[in-house]
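The figures here come from the full heavy-atom set of this structure, side chains too, leaving out hydrogens, waters and symmetry mates. Each residue takes its place number in the sequence, starting with 1.
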Amino acid sequence: MGDRYYVIANGEVEVAGRRLGRGSGFGEIALLRDVPRTATVTAATDVTLYTLEREEFVAAVTGHEPAKATADEIIAARLGAFDPAIAKL
């Protein structure tokens with residue numbers, strides 16, 4: 001289960017066939033949908049991460065309707081990349 005949201009301070013990671021770098025984040029799906037992690041993230045280089053605990057992340061995103069709507073769109077797009085049928089979860 002997800003307990004933190006991660007933001008890349010330096011370096012690159014690989015997730016679902018994509019490379020993410022500085023300023024990118026991951027872990028939001030498990031936090032906002034209360035489901036097990038949906039992907040494995042692997043460091044492609046040395047990486048420095050910032051983390052935000054579950055409660056803080058959820059409060060920040062769901063406490064502001066435009067942020068929540070954007071998060072829902074991102075999650076649907078990412079889940080749809082795996083399987084369009086589960087994008088609506």
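- Annotation: the span from Leu49 atom CG to Tyr6 atom OH amounts to 8.0 Å, rounded to 0.5 Å.
- Taking each heavy atom of Tyr50 and Ala9 in turn, the nearest pair found is CE1-CB, 3.3 Å.
- With contacts defined as side-chain heavy-atom distances shorter than 4.5 Å, the pair Leu32/Phe57 qualifies.
- Every residue meeting the side chain to side chain contact (heavy atoms under 4.5 Å, CB included) condition with Val13, not counting sequence neighbours, appears here in chain and number order: Ile8, Leu20, Phe26, Val41, Val47.
- Between Val61 and Glu28 there is no side-chain heavy-atom pair separated by less than 4.5 Å.
- The distance from atom CG of Leu31 to atom OG1 of Thr62, rounded to the nearest 0.5 Å, is 11.0 Å.
- Checking side-chain atoms of Thr51 against main-chain N and O of Arg4 turns up no donor-acceptor pair under 3.5 Å.
- Residues Val35 and Ile29 form a side-chain contact, since some pair of their non-hydrogen atoms from C-beta on lies under 4.5 Å apart.
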*What's the verdict on side chain to side chain contact (heavy atoms under 4.5 Å, CB included) for Val15 and Thr40, showing C-alpha distance, side-chain angles and the deciding distance?*
CA-CA 6 Å; Val15 58; Thr40 298; over 6 Å; no
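- Taking CZ of Arg19 as the reference point, atom OG1 of Thr45 lies at 7.0 Å (rounded to 0.5 Å).
- Put simply, the side chain of Arg37 gets close to the backbone of Gly27: a donor and an acceptor are under 3.5 Å apart.
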*asked:* Assess the residue pair Arg54 and Asp34 against the criterion (side chain to side chain contact (heavy atoms under 4.5 Å, CB included)); give the C-alpha distance rounded to whole Å, side-chain angles, the decisive distance to 0.1 Å, and a yes or no.
replied: CA-CA 10 Å; Arg54 175 191 207 30; Asp34 200 26; 2.5 Å; yes
